[in-house]
Trainee: 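This is the structure I want to talk about, given as structure tokens.
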Amino acid sequence: MQTYTFLKNTLPYSIALAILGLGLAACGEQNKAPEQNHSPDIQATNKHLTEDISVISTFSIDQADQLITAPGFLIAVSEAFGLQLLDNNGTLIDHYNGKFELGDHRFLDGQLRLLLVDKNTNIPTLFTIVDRRLTRVNQFESPHFNIDGLCLSQNAHQLFSFYLDGEGHAQQWLLADYGDARLVRSFTTAPGSYCAVDDSAQRLYISEENSGVWSYEAQAEAEAGRELIALSKTWGGILGTDIAAISPVAGGFAAISPSDHSVTLVQNGELTARFALESAAESEQLAVQHSGTQITFSTVDEHGQAYRWDYAVQPQKPDSTNMIVEIPAEMETLAMPRHGDVADDPAIWFNKAAPKRSLILGTNKTAGLHSYTLDGKQRQFLGTGRLNNVDITYQTILSDGESDIAAASLRNNNSIAMFRISGNGNLSEAGQIATNMHEIYGLCMFQAEDKTYVLANDKSGLYQQYEIAGSSTNMTGTLRREFSLPGQPEGCAIDEKQGLLFMGEEDAGIWVVNSQADSQDTPELIHKIGDYLHDDVEGITVYQGKQQNYLIVSSQGNNSYAVFETTAPYRYRGSFRIGMNPVLGIDGTSETDGLHVSNANFGGNFKEGMLVVQDGHNVLPTEPQNFKAISWTAIKSTLQLD
């Protein structure tokens with residue numbers, strides 16, 4: 001009976017990561033081992049924690065290059081024979097001719113999806129198993145490079161593929177059973193050919209042979225920043241001398257090292273186990289099945305000898321951050337005219353005379369103010385300057401009559417830019433209100449007792465409240481009060497029914513204070529950064545409901561939107577993300593700055609109103625930033641709101 005020796009870790013993980021200072025930043029160059037290790041050898045320091053584990057089955061699969069495990073089945077992959085469907089004892093069930101490599105699988109809506117690369121054509125090919133037979137489902141366009149690495153990820157009801165070229169280039173595609181795949185994003189990675197995705201944490205892991213394992217956000221909307229989370233033994237880390245295949249497990253990954261015949265299991269950033277298969281030939285493949293408290297490992301060596309064994313682990317607590325429900329995007333605006341951090345804050349203008357001709361205003365923080373129709377087309381642009389936040393009030397009383405107006409924070413000169421909105425939605429500049437702020441930032445508007453107010457804030461935490469007057473062509477403002485938050489604010493919104501001002505402090509949470517111009521009340525922190533909010537707290541908006549008003553907050557740190565009641569004790573009602581809508585060809589949203597909600601009846605899907613948000617990463621395909629919209633009906637149904 002074959003046995004594997006496991007070695008559990010007690011070494012602080014921070015020691016391994018300290019090796020980052022040795023020059024691994026130039027990961028495109030060939031890494032050279034340091035003259036001496038910077039941490040003790042794990043095997044030498046943990047001999048007293050050794051335990052043996054036995055192989056549960058072993059069998060021969062001649063010329064097999066890879067073994068994929070699925071509940072009840074094994075799938076052998078080969079450039080020589082194609083695909084073989086086997087039972088858990090290695091008995092052949094079905095065979096599919098071809099020349100395949102680089103397989104990965106997921107269960108989508110309860111049905112297996114297996115993606116492999118046709119070696120002859122470099123074409124990704126999707127299979128499933130129907131009545132114990134391998135069945136080809138679809139074939140997809142190849143990326144513009146030879147696929148050297150492949151892995152899958154799953155998010156809700158969507159399947160994504162990652163392709164690597166081994167030189168540091170990667171692409172993420174959205175797959176479907178029918179029709180073409182869609183390129184979601186291209187990004188740069190560590191130069192490696194093996195990858196795996198932990199769906200529970202939405203982390204993409206890529207192994208760099210001589211250095212270690214890098215972690216990336218697997219969410220298509222996320223920024224493609226990377227973190228080196230485990231180093232090879234060569235660099236004093238916890239992994240084997242070299243790293244080949246990696247496979248996902250809940251909370252981490254398992255990695256195989258061909259040169260020393262070792263497998264390392266890493267969970268939650270710590271070494272869970274390490275073992276060596278001393279009598280097996282070299283293997284660069286590893287398959288893992290993780291269910292509850294047991295992990296089943298499988299591998300096939302260079303001589304076609306397959307091994308399977310079980311290992312008991314502690315159950316992993318689900319990551320609540322990634323259990324947030326998704327609502328598909330329903331509309332998007334035209335992209336900004338240039339790449340970079342350009343779009344910031346939207347405001348919805350409701351056209352009472354013709355609701356379907358309502359508009360979305362959106363700030364361009366480098367140039368001015370855009371307006372868009374409800375189908376996302378740009379209608380107008382005013383080059384006012386570097387505008388940050390924008391808000392709207394209706395039927396504002398001015399010296400020459402009532403008018404719908406908009407206000408925006410103008411960073412060029414730390415003023416408040418004012419705009420008139422005509423009956424048909426035309427925007428025109430209507431003066432600027434000077435402030436004594438040093439870095440004007442966020443802004444919101446409201447009405448009380450036939451008066452209109454603008455609240456602007458400064459990065460220092462200072463708030464100033466101005467009463468609006470003047471004419472529709474030259475509006476003025478009178479400072480009525482000022483107060484401060486401890487740190488940097490941005491978004492704010494008013495529940496006019498209760499006379500409450502809600503404010504976000506980016507690194508602290510949500511504050512509330514009386515909105516009256518003569519109020520002397522002190523702001524109260526009602527929700528801190530923590531379980532519901534992940535800094536930065538950015539946009540804030542209030543939905544005026546029939547029974548209850550709701551506060552919607554952009555929780556930028558985890559790309560979600562938290563919903564709270566606006567009456568004390570400001571109960572949390574849930575969070576959601578805005579996800580991809582493959583049918584409409586619209587991507588989801590991430591790193592949202594500003595947002596705005598309206599309860600007006602815009603018709604169609606938006607009869608109960610809509611939420612418009614800024615999208616920090618506009619993909620499918622990659623384009624400059626824009627704004628996305630979803631219906632209030634979808635939010636209400638998803639979170640079971642009143």
Side-chain angles (χ1 to χ4, degrees), residues 143 153-156 158 160-163 169-174 181-189 197 199 201-204 206 214-227 321-322 324 326-346 360 362-366 370 372 376 388 490-491 506 534-539 553-562 575-582 584-596 611-630:
S153 73
Q154 184 177 341
N155 185 7
Q158 296 168 350
F160 297 90
S161 61
F162 289 92
Y163 304 131
H169 301 100
Q171 290 185 347
Q172 183 176 6
W173 293 68
L174 175 64
R182 297 182 180 182
L183 176 63
V184 174
R185 60 172 174 163
S186 299
F187 56 101
T188 302
T189 70
V197 177
D199 290 333
Q202 281 293 292
R203 302 301 301 179
L204 165 67
I206 296 178
W214 297 82
S215 174
Y216 303 76
E217 285 275 6
Q219 291 183 15
E221 301 296 332
E223 187 174 359
R226 69 187 184 192
E227 177 186 6
T321 297
N322 290 289
I324 297 173
E326 279 197 357
I327 300 173
E330 298 178 60
M331 187 276 288
E332 67 175 340
T333 67
L334 181 73
M336 285 282 157
R338 49 163 286 192
H339 282 278
D341 188 17
V342 178
D344 193 89
D345 188 47
I360 296 168
T363 59
N364 179 327
K365 64 176 73 174
T366 66
H370 300 263
Y372 307 93
N388 202 62
E490 184 171 5
E506 291 190 355
H534 297 252
D535 61 346
D536 293 347
V537 172
E538 293 280 346
V553 181
S554 168
S555 181
Q556 196 177 68
N558 67 346
N559 299 323
S560 71
Y561 308 92
S575 294
F576 63 91
R577 290 194 175 99
I578 298 178
M580 286 188 175
N581 190 325
L584 298 179
I586 305 174
D587 64 303
T589 63
S590 60
E591 294 191 17
T592 291
D593 286 326
L595 48 76
H596 190 226
L611 173 71
V612 178
V613 310
Q614 181 258 8
D615 182 15
H617 295 280
N618 187 20
V619 299
L620 198 68
T622 299
E623 292 181 325
Q625 296 175 340
N626 69 350
F627 301 93
K628 306 288 198 303
I630 58 174

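All values below were derived from every heavy atom in this structure, side-chain atoms included, with hydrogens, water molecules and symmetry-related copies excluded. All values reported here derive from a predicted model rather than from experimental measurement.
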Trainee: Taking the side chain as C-beta and beyond, is there a heavy-atom pair between Glu326 and Ile578 under 4.5 Å?
Mentor: no

Trainee: Before you tell me yes or no, could you show the steps for Arg203 and Glu217 under side chain to side chain contact (heavy atoms under 4.5 Å, CB included), namely the whole-Å CA-CA distance, both residues' side-chain angles and the distance that decides it to 0.1 Å?
Mentor: CA-CA 5 Å; Arg203 302 301 301 179; Glu217 285 275 6; 3.3 Å; yes

Trainee: Looking only at atom types and distance, does a side-chain atom of Gln614 sit under 3.5 Å from a main-chain N or O of Phe627, one as donor and one as acceptor?
Mentor: no

Trainee: Show me the side-chain donor-acceptor pairs of residues 335-343 shorter than 3.5 Å, one per line, residues at least two apart or across chains.
Mentor:
| residue | atom | partner | partner atom | Å |
| --- | --- | --- | --- | --- |
| Asp341 | OD1 | Lys365 | NZ | 3.3 |
| Asp341 | OD2 | Lys365 | NZ | 3.3 |

Trainee: Could you go step by step and tell me if Lys628 and Ile586 meet the side chain to side chain contact (heavy atoms under 4.5 Å, CB included) rule?
Mentor: CA-CA 9 Å; Lys628 306 288 198 303; Ile586 305 174; 3.7 Å; yes

Trainee: I'd like to know if the side chain of Thr589 reaches the main chain of Asp615, judged simply by a donor and an acceptor atom lying under 3.5 Å from each other, with no hydrogens or angles considered.
Mentor: no

Trainee: Taking the side chain as everything from C-beta on, heavy atoms only, tell me whether Leu334 gets closer than 4.5 Å to Tyr372.
Mentor: yes

Trainee: Which residues pass the ring-ring contact (aromatic ring centres under 6.0 Å, His included) test with Phe162, sequence neighbours left out?
Mentor: none

Trainee: If you take all heavy atoms of Ala170 and Thr189, which pair is closest and at what distance?
Mentor: CB-CG2, 3.4 Å

Trainee: With heavy-atom distances below 4.5 Å as the criterion, would you say the side chains of Glu490 and Asn388 are in contact?
Mentor: yes

Trainee: Does Gln172 reach the side chain of Val619, with side-chain heavy atoms less than 4.5 Å apart?
Mentor: no

Trainee: Please report the shortest heavy-atom distance between Gln154 and Asp199, naming the atom on each side.
Mentor: N-OD1, 3.1 Å

Trainee: So do Asp587 and Asn618 actually touch side chain to side chain, heavy atoms under 4.5 Å?
Mentor: yes

Trainee: So Ile630 and Tyr561, do their side chains get closer than 4.5 Å, heavy atoms only?
Mentor: no

Trainee: Could you tell me whether a side-chain N or O of Arg182 sits under 3.5 Å from a main-chain N or O of Leu620, the two making a donor and an acceptor?
Mentor: no

Trainee: Would the distance check show the side chain of Arg577 and the main-chain N or O of Ser590 forming a donor-acceptor pair, the cut-off being under 3.5 Å?
Mentor: no

Trainee: Quick one: are Met580 and Glu221 in side-chain contact, heavy atoms under 4.5 Å?
Mentor: yes

Trainee: Has Ser555 got a side-chain atom pairing as donor or acceptor with Ser560's backbone, closer than 3.5 angstrom?
Mentor: no

Trainee: Side-chain contact test, heavy atoms from C-beta onward, threshold under 4.5 Å: evaluate it for Phe160 versus Val197 and give yes or no.
Mentor: no

Trainee: Is it true that a side-chain atom of Asn626 and a backbone atom of Thr333 form a donor plus acceptor pair closer than 3.5 Å?
Mentor: yes

Trainee: Can you name the closest pair of heavy atoms from Val184 and Trp173 and give their distance?
Mentor: CG2-C, 4.0 Å

